[in-house]
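The shown structure was predicted, so the numbers you read here are calculated from the model rather than taken from an experiment.
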Amino acid sequence: MAVRVRFAPSPTGRLHVGNIYIALHNWLYARKAGGEFLLRLDDTDRERSTEDFANGIKADLEWLGLKWDLFDRQSRRLSIYDEAAERLREGRRLYPCYESAEELGLKRKVQLGQGKPPIYDRAALKLSDADRAKLEAEGRRPHWRFKLEPRNIAWNDLIRGPQQVDEASQSDPVLIREDGSYLYTLCSVVDDIEFGITQVIRGADHGFSNTATQIQIFEALGAAAPTFAHLPLLVDAAGEGLSKRLGSLSVGQMREDGLEPMAISAYLAKIGTGDPIAPARALADLLPDHDLSRFGKSSPRFDPGELKHLNAKLLHHLPFEEARSHLTALGLGDIDPAVWDVARANVEKVEDVAVWQSVVKGPVKPAIADAAFAAKAAELLPPEPWNAETWSAWTNAVKTATGRKGKELFMPLRQALTASDHGPELKLLLPLIGRERALKRLKGETA
Ligand code: GLU
C-alpha cells in the first residue's frame with residue numbers, strides 16, 4: 001500500500017519546536033517511502049482556531065521546506081463526521097449522556113472515596129426512552145460517548161514496540177459535546193480512514209489511551225487501523241517537558257533569531273536517535289539515515305545552545321549561492337560574495353556578515369594604541385595587486401623592522417584595520433580592504 005502520512009496541528013497557535021519535530025518526521029517518512037504527506041488542520045475548536053494561525057502554520061512549514069502533497073481542514077468536513085456518528089449510533093457504539101460536569105465530578109469523588117478507579121459508570125445506558133424524553137424536556141442536551149469494548153487493545157508501535165491497553169480500565173470517551181461539536185478523537189479517525197493514512201506518526205502524548213480508543217473507533221467504522229508511531233516528547237536541558245506556549249521556541253521566533261531552516265531540521269532529525277548531530281544542507285540529505293526504529297525510549301533533549309552551534313557550523317560551509325536568498329530576504333542583497341566567503345567562518349547568523357562587509361567597505365574608525373608602530377606598518381604596505389600572500393609578506397617586513405612578533409605584532413594591525421580584536425583571517429580580509437583604505441586606517445583616519 002502506498003505510504004500516506006499526515007501532520008495534524010490545531011491552528012490555535014503558531015508552530016513550535018515540538019510540532020515541527022512531528023511534522024519533520026512525518027515528512028521524512030513520506031519522502032523516504034516515496035509516499036505522500038498530508039497537512040490537515042484540526043480546527044474543530046471554532047473559538048480558539050483562527051485563520052491567522054492557519055496561515056502562520058503554512059508559512060512556517062513552507063519556510064522549513066516541508067511541502068505538503070495534500071491539504072484539508074476538519075471544519076470543512078463536518079457532514080462527513082455527521083455520517084460517521086450516525087453509523088456509530090446505528091451500531092449502538094455511540095450513546096447519549098446527560099450528566100452535567102458537576103454531576104460527573106461528584107461521581108468521580110464518590111468512586112475515589114470508595115477506592116475505585118474513576119471510570120464512567122455508564123449510567124446513561126440504563127436510561128429508558130421516557131427518562132431521556134424527560135431530561136430533554138428539562139432542557140438538557142446530550143453529549144455522546146463511544147462505547148468501548150472492555151478488552152485488551154494491542155498494537156505494534158513503530159517506535160515503542162508492542163503496546164497494550166486494557167480498555168476495561170478506561171472511561172467511554174465523549175465524541176460529541178453537548179453543543180453538537182465533535183471531538184478530535186472521532187474526526188481524526190474518520191479523516192485517517194478517508195485519506196487512507198497508512199502510518200500515524202505523532203507525539204507520545206497520544207500514545208496510550210487515545211490510540212487504543214481510536215483503534216476501537218477504526219474497527220467500529222469497519223476500517224483497519226493504520227500503523228502507529230509515537231515519537232517521544234522533547235524535553236529541555238533540565239529534563240522538563242517543553243511548554244507548548246514557549247514563545248521563544250516558536251518557528252517564527254527561531255526564524256527571527258537568525259536560525260537557518262536546515263539547521264533546525266538537521267537538529268530535529270537527529271535528537272533522540274543515537275546518530276551524531278551534523279549539519280545538512282538539504283532535507284534530502286537527511287533521508288538516507290531516517291529510520292523511526294532508531295529512536296530510543298527516552299525523551300530527546302532540545303538544547304537551544306546546541307542548535308545555535310549547529311547553525312553556525314552550517315553557515316561556515318554555506319556557499320554564497322545558498323545564502324543569497326536569505327541575505328536578500330534580510331535586506332542584505334548587496335553583500336559581496338567575496339566578503340561572504342571570507343566572513344562565513346565567523347558568523348553565527350547570516351546577518352552577522354553585514355558587520356564584515358562594513359569592515360571591508362568602510363567607513364571604519366581604526367583603534368590605534370601605538371601610532372608610531374602603525375605608521376611604520378603603513379610605510380611598509382606593499383604595492384598592489386594584493387592576494388592571500390600579501391599579509392605574510394607585509395607582516396614579515398613589519399616584524400623585521402620593529403622586532404615585534406606574535407600577538408604584539410598582529411593585534412595592533414588587526415585593531416587598526418578592523419577596529420576589532422577578532423574576526424576573519426586577515427590574510428583573506430586584507431586584499432578585500434585594499435591598500436587605499438588600509439593605509440588611511442593605519443594612519444588613524446576613518447576610512
Ligand atoms: N491535532 C492533534 C494534535 O495536535 C493531532 C494528533 C494526531 O496526530 O492524531 O495533538
Results of side-chain contact (heavy atoms from CB on, under 4.5 Å) for K58 - residues two or more places apart only: L39, W68, F71
Do Q357 and D336 have side chains that get closer than 4.5 Å, going by heavy atoms? yes
For the pair Q163 and T211, evaluate side-chain contact (heavy atoms from CB on, under 4.5 Å) and give the outcome as yes or no after the intermediate values. CA-CA 10 Å; Q163 306 287 309; T211 300; over 6 Å; no
Rounded to the nearest 0.5 angstrom, the CG-CE distance for L249 and M254 is 6.5 Å
With distance as the sole test, does T402 use its side chain to make a donor-acceptor pair with the main-chain N or O of V398 at under 3.5 Å? yes
Report yes or no: does R344 contribute a side-chain atom to a donor-acceptor pair with the main-chain N or O of L315 at less than 3.5 Å? no
Q214 side-chain N/O to T185 backbone N/O, donor-acceptor pair under 3.5 Å: yes
Report the residue from L428, L426, L429 that forms a side chain to side chain contact (heavy atoms under 4.5 Å, CB included) with W391. L426
Nearest heavy-atom contact between S75 and R46 is CB-NH1, 3.3 Å
Shortest non-hydrogen separation from L148 to D172 and the atoms involved: N-OD1, 3.0 Å
Would you say V200 and D192 make side-chain contact, with heavy atoms under 4.5 Å? yes
Any pair counted as salt bridge (charged side-chain N to carboxylate O under 4.0 Å, His left out), so long as it reaches residues 401-424, sequence neighbours left out: D370-R404
When R6, H206, Q74 are each screened for side chain to side chain donor-acceptor pair (under 3.5 Å) with S188, the one that passes is R6
Mind listing the closest non-hydrogen atom pair of L430 and A438 along with its distance? CD1-CB, 4.4 Å
Is there a side-chain contact (heavy atoms from CB on, under 4.5 Å) between L158 and Y29 once you walk through the steps? CA-CA 12 Å; L158 285 179; Y29 193 90; 4.0 Å; yes
Not counting sequence neighbours, which residues clear ring-ring contact (aromatic ring centres under 6.0 Å, His included) with W386? List them please. none
Taking the side chain as every heavy atom from C-beta outward, state whether V165 and E167 have any pair of such atoms under 4.5 Å apart. yes
Can you find a pair of side-chain heavy atoms, one from P173 and one from T213, that are under 4.5 Å apart? yes
When you look at L413 and W394, which way does the side-chain contact (heavy atoms from CB on, under 4.5 Å) test go after all the steps? CA-CA 11 Å; L413 296 178; W394 176 46; 3.8 Å; yes
For D303 and Y267: C-alpha separation, side-chain torsions, deciding distance, then whether side chain to side chain donor-acceptor pair (under 3.5 Å) applies. CA-CA 10 Å; D303 177 349; Y267 184 64; 5.5 Å; no
Does D285 come within less than 4.0 Å of R281, counting only side-chain N to carboxylate O? no
Strictly by ring pair (Phe, Tyr, Trp, His ring centres under 6.0 Å), give each pair with a member in residues 341-363 just once, sequence neighbours left out. none
Exactly one of D42, D191, D43 clears salt bridge (charged side-chain N to carboxylate O under 4.0 Å, His left out) with R77, and that residue is D191
Suppose we screen for side-chain contact (heavy atoms from CB on, under 4.5 Å). Which residues come up paired with A224, at least two apart in sequence or across chains? none
I need the D289 CG to D275 CG distance, nearest 0.5 Å. 5.5 Å
Report yes if some heavy atom in the side chain of L66 is under 4.5 Å from a heavy atom in the side chain of L283; otherwise report no. yes
Pair H16 + F302: ring centers closer than 6.0 Å: no
Between the side chains of T50 and D52, is a donor N or O closer than 3.5 angstrom to an acceptor N or O? no
Could D257 and K308 be called an ion pair, given the rule that one side-chain N must be under 4.0 Å from one carboxylate O? no
Out of R4, R31, R40, which residue meets the salt bridge (charged side-chain N to carboxylate O under 4.0 Å, His left out) rule with D69? R31
Quick check: closest heavy atoms across L28 and L286, and the distance to 0.1 Å? CD2-CB, 4.0 Å
Are the charged groups of E219 and R151 less than 4.0 angstrom apart, N to O? yes
Candidates K270, H25, K32 - the one meeting side chain to side chain donor-acceptor pair (under 3.5 Å) with H290: H25
Point-to-point distance, once rounded to the nearest 0.5 Å, from CZ of R324 to CG of L327: 9.0 Å
Which value, rounded to the nearest 0.5 Å, describes the distance between H422 atom NE2 and Q415 atom CD? 10.5 Å
Over all heavy atoms of both residues, which pair between V347 and A312 is shortest? Give the atoms and the distance, please. O-CB, 4.0 Å
Scanning both residues in full, the closest heavy-atom pair of L292 with A229 reads CD1-CB, 3.9 Å
Heavy atoms from other residues, nucleotides or ligands near CD of E306 exceed 12 (cutoff 6.0 Å): yes
Backbone N/O of A447 and side chain of R437: donor-acceptor pair under 3.5 Å: no
Y182 vs I176 side-chain heavy atoms within contact, under 4.5 Å: yes
Nearest 0.5 Å please: distance from the CZ atom of F228 over to the CH2 atom of W155. 8.0 Å
Using side-chain contact (heavy atoms from CB on, under 4.5 Å) as the criterion, list what pairs up with H326, not counting sequence neighbours. E260, L330, V350
Answer whether the closest heavy-atom distance between the side chains of D352 and N346 falls below 4.5 Å. no
Check against side-chain contact (heavy atoms from CB on, under 4.5 Å), L186 and L88: CA-CA 10 Å; L186 173 65; L88 293 178; 3.9 Å; yes
What do the steps show when you test Q216 against R93 for side chain to side chain donor-acceptor pair (under 3.5 Å), and what is the final call? CA-CA 10 Å; Q216 288 216 28; R93 296 299 297 275; 2.9 Å; yes
Drop me the distance from I197's CD1 to N26's CG, to the nearest 0.5 angstrom. 8.5 Å
pair S10-Y184: side-chain heavy atoms closer than 4.5 Å: no
